[in-house]
2 protein chains.
Amino acid sequence: MGAALPVKVADIAKACGVSPATVSLVLKGSPLVNAKTREKVEAEIKRSGYVYNRAAANLRKQVSTVVALIINDLANPFFAEFASGVDNYLAQRGFVTLLGHSGESVERQAQVLNSLVQHSPVGIILSPAEHTEAEDLTMLNRNLPVLVFNREVPGSWNFLGLDNQTGAEKACQHLLHLGHQQIVFVGGHADSPSCSQRRAGYARAMQLAGKKEYQRFFESAPTKRGGFECASQILEHLADQTPSGFVCYNDAVALGVCQALANKRIRVGWQASVVGFDDIQEAGDHFPPLTTMTTSPKALGERAAEMIFKIRPDTVLHEIVPVELMIRQSTGPK
Amino acid sequence: MGAALPVKVADIAKACGVSPATVSLVLKGSPLVNAKTREKVEAEIKRSGYVYNRAAANLRKQVSTVVALIINDLANPFFAEFASGVDNYLAQRGFVTLLGHSGESVERQAQVLNSLVQHSPVGIILSPAEHTEAEDLTMLNRNLPVLVFNREVPGSWNFLGLDNQTGAEKACQHLLHLGHQQIVFVGGHADSPSCSQRRAGYARAMQLAGKKEYQRFFESAPTKRGGFECASQILEHLADQTPSGFVCYNDAVALGVCQALANKRIRVGWQASVVGFDDIQEAGDHFPPLTTMTTSPKALGERAAEMIFKIRPDTVLHEIVPVELMIRQSTGPK
DNA sequence: CTGAAAGCGCTTACAG
DNA sequence: CTGAAAGCGCTTACAG
């Protein structure tokens, strides 16, 4: 038995003594086909191990069943879970996910996009690499639905993002309600839009609470290590007026902060409180679990996939999803 | 300006007063084309915003540029990084990743596979859902290259996996060299193949060290929470002869164990030592960083993608990748 | 209810 | 160096 050539509708048709058109009708479940004919054809389809060639069908039908998804950083659980949400939704609707990974490189992103558009996706969900500019996206034809996720890109793009400012404001308010007097904002790069938005939310909450003069911002890499090192320094240098409330740029930073506090024998959820942002899976798995601002990344992915089908050439969608406080440590300072 | 119809080679040809064949030649960079003709055509391609329709080309050329990748759990960083490695390699070779996510559900996996095969992938990389049996994979035609990753599936499949046993043996040896007297194996479900392989490696090292009678196995969910709860119990109940060495099923468990130790004020890397497995990104980011058994998941992904192109109908590849000790905490007990 | 013919967008022999 | 024709595997009007 050599490498059997793939069987096609013409083969099925010949084997059944019908025309390809009839086989096609059976394939699409058309009620036009005589029951006996249908049975015969279906049996042959099963017997022969026929596999539908969707690319050929799509070409003829002038449709597409693929959506392209470009992720900036798959190693980040937030984006990995987002991707799983996208794929989930698409699979349910009979679509398929064409994945591209930019690894935060604008050049790789351009290559990946150039490759993916050639597969005629019905739309593109782009979680852009850092510092993506409008001119990096010129391969995206105006009549191809594009949804930018999470990070704004200069220009008018359909967008799905988080309400960073209100989120951070709620985070800070939570700490205030717990009775914390000295609350700082830790982590992220001040020049990133999401960081400045979150800082602004923190600042607003502090101001409304009459604590404008205590505002403190600390920069760090948006990682656990960054948060750890940053918090360690804070605890070292602000020894006399150590903050007890930490609004963090994201969960990774927050987990690093928790670690630094633990090292100093400061019990999180008791002498100090920490709020993260993103609700990555680790936030809930951690011990003690991390209070954070949440919009399930998976739900976001599903929403993004949904939006792709709602994009119209003449309008620009701009959806900012509220983030909610997910309280996992209920106690504050004595 | 209405929704411009996509431009195709025929349009380019007409605009340049040449035949579609010539445009096609230009597209593939054929040296046959006259320089002036080429220039003219290339200019028109650029001007018109032409996008190559790879599906049509592939149909005609009888080739495919897609590889299907089915992941059991994208929220797990190990698999997310694996996926990024696959996509990396494929993108370099001009291929594209068709992503499917099973979420550890055998039924979803079947649906996803059925959908993906219709896109004529050149091959399929499958990181199978738990409890996948041969009969769950009947849609995978014999002459479609399939590579099973990480978990064996009954039957003869091309396979890429980790040397779990030797890895765990090395992990245990490391703890023995550090001088630990009481070493336990923590985490995982005993009935999972990877867990029983790792347990066997631990057992072998203990036996070679003449510590057969101290062997202790503890089961837990393969998560951080599982490791935390398990270790907490161990520390509670084995109070008199507390183990100081922990060979862990995977990094997530190991990080949970670290957390439990920290809560008991036992300093990891000093009074106790923990070894993980997988080297997920968090292992290196953690504080203190986690000593673990490593084969970069990203490198594994790249290797898997490479292997897909080496699969031949008449042979079965079976590659077991060694895992190396990645020492991140160099001290042991006093 | 079924078939013959044309065509989706591309490429490949084959002529010239 | 270039073009006319055929065909990848499918589906869709159109006849009958």
Side-chain angles (χ1 to χ4, degrees), chain A residues 4-42 44-45 48-66 94 115 117-122 141 144, chain B residues 4-42 44-45 48-66 94 115 117-122 141 144:
Chain A
L5 285 178
V7 10
K8 34 193 188 166
V9 301
D11 300 326
I12 306 284
K14 196 173 298 176
C16 296
V18 299
S19 78
T22 301
V23 175
S24 180
L25 256 14
V26 171
L27 246 18
K28 75 189 286 199
S30 162
L32 290 177
V33 189
N34 177 297
K36 273 192 178 159
T37 313
R38 168 189 309 287
E39 239 173 79
K40 192 169 50 175
V41 171
E42 277 172 347
E44 176 62 14
I45 286 173
S48 63
Y50 170 72
V51 194
Y52 189 67
N53 184 331
R54 198 167 289 276
N58 286 351
L59 176 61
R60 175 58 231 261
K61 292 201 279 189
Q62 298 284 77
V63 300
S64 164
T65 54
V66 343
S115 163
V117 290
Q118 299 189 345
H119 292 263
S120 329
V122 294
N141 194 301
L144 170 64
Chain B
L5 286 178
V7 11
K8 33 193 188 167
V9 299
D11 300 325
I12 306 283
K14 194 173 297 174
C16 296
V18 299
S19 77
T22 302
V23 176
S24 180
L25 257 12
V26 171
L27 247 18
K28 76 188 287 198
S30 161
L32 289 178
V33 189
N34 177 298
K36 275 194 177 158
T37 313
R38 169 189 306 289
E39 239 173 79
K40 194 169 49 177
V41 171
E42 277 173 347
E44 176 62 14
I45 286 173
S48 63
Y50 170 72
V51 193
Y52 188 68
N53 184 330
R54 197 167 290 277
N58 285 351
L59 176 61
R60 176 60 230 261
K61 292 202 278 188
Q62 297 285 80
V63 299
S64 164
T65 55
V66 343
S115 164
V117 290
Q118 298 189 345
H119 292 263
S120 329
V122 293
N141 193 302
L144 171 63

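Order of the sequence lines fixes the chain letters, A, B, ..., with proteins taken first and strands second; residue numbering starts at 1 for each chain. This is a predicted model, so every value here is computed, not measured. Heavy-atom basis, side chains included; hydrogens, waters and symmetry copies ignored.
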Watson-Crick or G-U wobble mate for D:dA4, both contacts under 3.5 Å: none
For C:dT12, does OP1 or OP2 lie under 4.0 Å from any side-chain N or O of B:Lys28? yes
Could you tell me whether the side chain of B:His119 reaches within less than 4.5 Å of the side chain of A:Val66, counting heavy atoms only? yes
Side-chain N or O of A:Ser24 closer than 4.0 Å to phosphate OP1/OP2 of D:dC10: no
Rounded to the nearest Å, what distance is computed from the OH atom of residue A:Tyr50 to the P atom of nucleotide D:dG9? 10 Å
Measure CD/A:Gln62 against P/C:dA6 and give the value in whole Å, please. 19 Å
Phosphate contact (C:dT2 OP1 or OP2) by A:Ser19 side-chain N/O below 4.0 Å: no
Remember a base hit wins even if backbone is also touched, and classify B:Ala21 as base, sugar-phosphate or nothing at under 4.0 Å, heavy atoms. base
Distance, rounded to the nearest Å, where B:Lys40 contributes NZ and D:dC1 contributes P: 14 Å
Atom CG of A:Asn34 and atom P of C:dG3: how far apart are they, to the nearest Å? 11 Å
B:Val18 side chain, from C-beta outward: closest of C:dT11, D:dT2, D:dG3: D:dG3
Rounded interatomic separation in angstrom, taking CG from B:Asn58 and P from C:dT12: 11 Å
In whole angstroms, the gap separating C1' of D:dG7 from NZ of B:Lys61 amounts to 15 Å
Atom NZ of A:Lys8 to atom P of D:dG7: distance rounded to whole Å? 11 Å
For the side chain of A:Arg60, starting at C-beta, report the closest nucleotide among C:dG7, D:dA4, C:dG9. C:dG7
Would you please confirm or rule out a distance under 4.0 Å between OP1 or OP2 of D:dT2 and any side-chain N or O of B:Thr37? yes
